Amino acid sequence: MADYDYDVLIIGAGPGGYVAAIRAAQLGLKTACVEGRDTLGGTCLNVGCIPSKAMLHASEYFDAAANGSMAKMGVLVEPKLDLEAMHAQRRDAVKQLTGGIEFLFKKNKVDWLKGYAQFTTADTVEVAGKSYRAKNIVIATGSNVTPLPGVTIDQKVVVDSTGALELPKVPKKMVVIGGGVIGLELGSVWRRLGAEVIVVEFLDALLPGMDMDVRKEAAKIFKKQGMTLKLGTKVTGVAVKGNTATLTLEPAAGGATETLEADCVLVSIGRRPNTDGLALDKAGLDVNARGQIEIDHDFRTKVAGIWGIGDVVPGPMLAHKAEDEGIAVAENIAGQTGIVNHAVIPSVVYTWPEIAGVGLTEDQAKEQGEIKVGKFPMLANSRAKTNHEPDGFVKVIADAKTDRVVGVWCIASVAGTMIAQAAQAMEFGATSEDIAYTCHAHPTHSEAIKEAAMAVTGKPIHM
Ligand code: FAD
Ligand code: NAI
């Protein structure tokens, strides 16, 4: 240790980096975490998961009052929007949670090195003019917005997710470029608050990567809620004049162009890894064709002593994936066995209703062998019905021979909470029968998972 400043130095304090730092310190390693932002927590806490959920939660209340769903239950209110107060509670949530990480760093004796790190050699980085040598360096620099060629994000008329979280007034007409997770979550926020929202998606279905039944059902639900969906369409240009943007659209397969005017355009066509400025070459590292740092099963890069986790390495760009990798990498560095089962990482879209899945889609499962599928509609679930939440379904996919569950997909008001039990069941190698014979509390939305599991072998009760 004598000539090292740290056992572990982590670059980036997002959910990957800060969790790795805390775990490494808990394991008795002398740990530093480098972060250039003014607050800890990375994209997720500062401009991602947390502020978007604060706006989604608050706008859901507004919508419930405005769209008549509260009136259906005998609660009559006329909603009035105080957008500044809504933004204030979002900022407060971010402040409390980012401050919480700073507290945890102090509590666990993790040194926060303020600034941006750059490699000078494979075991040394420079931060704010000072050099630090570490036995192990973990790259957890996360990701940022993928730009759309030819489109300038001015954070006024043309915004990315960060700008879309902070709009000072509700747009009249918002065009969302990209019908993925960000487009649908933030598009939902502003639709609920009164904007006309048009989603332009290059592919023929929303939410690439999710099960096709879920993607089709989601499109129906969003249309019913008043969003306009332009699928199979690409944006070829955005011209801004004053407070108005004019977008040029074209069918993805080519054909006649059309134009659309809007006072707000959200660019949400994906995210790309942050590696610029790290001087990876000085460490002997490079990136793959997708800009990611390649790692092995243990999160080791090709250079001994340098590790990678989170959005900057391959895999889904999700906070919980980054966190689990953060724990595992710290354990591996400490000589323990840190493992993440990448086959069982749930994903959730926090719209209304929520959309969630874990494991294989039906198409992927079919490619791997014979399967059985059980489906159960939320309309037939007593709690969803009582709560006036009829939209959605649960789908359980099991191996035809072994009955082992290989994927679970759901659309339901609380799908994000429901999917945890599916992930746990899959982690334990459950069969559909195991789920079907597990007692689920009544009346809960989760009973729909039990019934879908029963449907795998053709015997649901309430359908
Ligand atoms: P990041 O959170 O991106 O953190 C990396 C940190 O590294 C940053 O703070 C950056 O400043 C710092 N950094 C970069 N380079 C350097 C350097 N050279 N030196 C020092 N510091 C550096 N995921 C979910 O699972 N659930 C959600 O609900 C969800 N919602 C999202 C909503 C939005 C609007 C967005 C944009 C993302 C959302 N995500 C969500 C994705 C989630 O935020 C990311 O997957 C997650 O933050 C990745 O964690 P990370 O630690 O890899 O990187
Ligand atoms: P995304 O990959 O989810 O969706 C981007 C969409 O844009 C795709 O459907 C793609 O086909 C489309 N697209 C690409 N180019 C286009 C073009 N020129 N014109 C029209 N459509 C185009 O990316 P998104 O929504 O930007 O989110 C980035 C990442 O952040 C995701 O990978 C996600 O994992 C993470 N995230 C996770 C959340 C969650 O877990 N709830 C919430 C928000 C973000």
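Just so you know, these numbers come straight off a predicted model, no measurement behind them. Indexing begins at 1, ligand by ligand and atom by atom, following the structure's order.
Proximity of Cys44 to ligand 1, defined as any heavy-atom pair under 4.0 Å, is shared by backbone and side chain alike. Contacts of Val348 with ligand 1, taken as heavy-atom pairs under 4.0 Å, are absent altogether. No part of Lys321 comes within 4.0 Å of ligand 1, judged by heavy-atom distances. The proximity of Cys49 to ligand 1, defined as any non-hydrogen pair under 4.0 Å, involves the side chain as well as the backbone. Looking at Val145 against ligand 2, nothing comes within 4.0 Å, counting heavy atoms.
Under a 4.0 Å heavy-atom criterion, Ser347 is not in contact with ligand 2. At least one heavy atom of Val47 sits under 4.0 Å from some atom of ligand 1. Not close to ligand 2: Pro316, with no non-hydrogen atom less than 4.0 angstrom away.
With Gly17, Gly115, Gly326 as candidates, the residue nearest to atom 20 (C) of ligand 1 on a non-hydrogen basis is Gly115. Of the candidates Lys53, Glu250, Glu201, it is Glu201 that places a heavy atom closest to atom 12 (C) of ligand 2. Comparing Pro15, Pro51, Gly14, Pro316 against atom 46 (C) of ligand 1, the shortest heavy-atom distance belongs to Pro15.
When hydrogens are left out, the protein atom nearest atom 2 (O) of ligand 2 is Gly270 CA, 4.2 Å; that is the closest non-hydrogen contact. Counting protein heavy atoms only, atom 42 (C) of ligand 2 is closest to Val181 CG1, 3.3 Å. Of the protein's heavy atoms, Ile177 CG2, 3.7 Å lies nearest to atom 19 (N) of ligand 2.
Salt-bridge annotation for Lys234 and Glu201: absent, with no side-chain N of the basic residue lying under 4.0 Å from a carboxylate O of the acidic one. Look at Asp391 and Lys220 and you find no salt bridge, because none of the NZ, NE, NH1 or NH2 atoms lies under 4.0 Å from a carboxylate O. Here Lys395 pairs with Asp213 in a salt bridge; the nearest charged N to carboxylate O distance falls below 4.0 Å.
Shown in contact with Val348 at under 4.0 Å from a heavy atom are these atoms of ligand 2, numbered in order with element: 39 (C), 40 (O), 41 (N).
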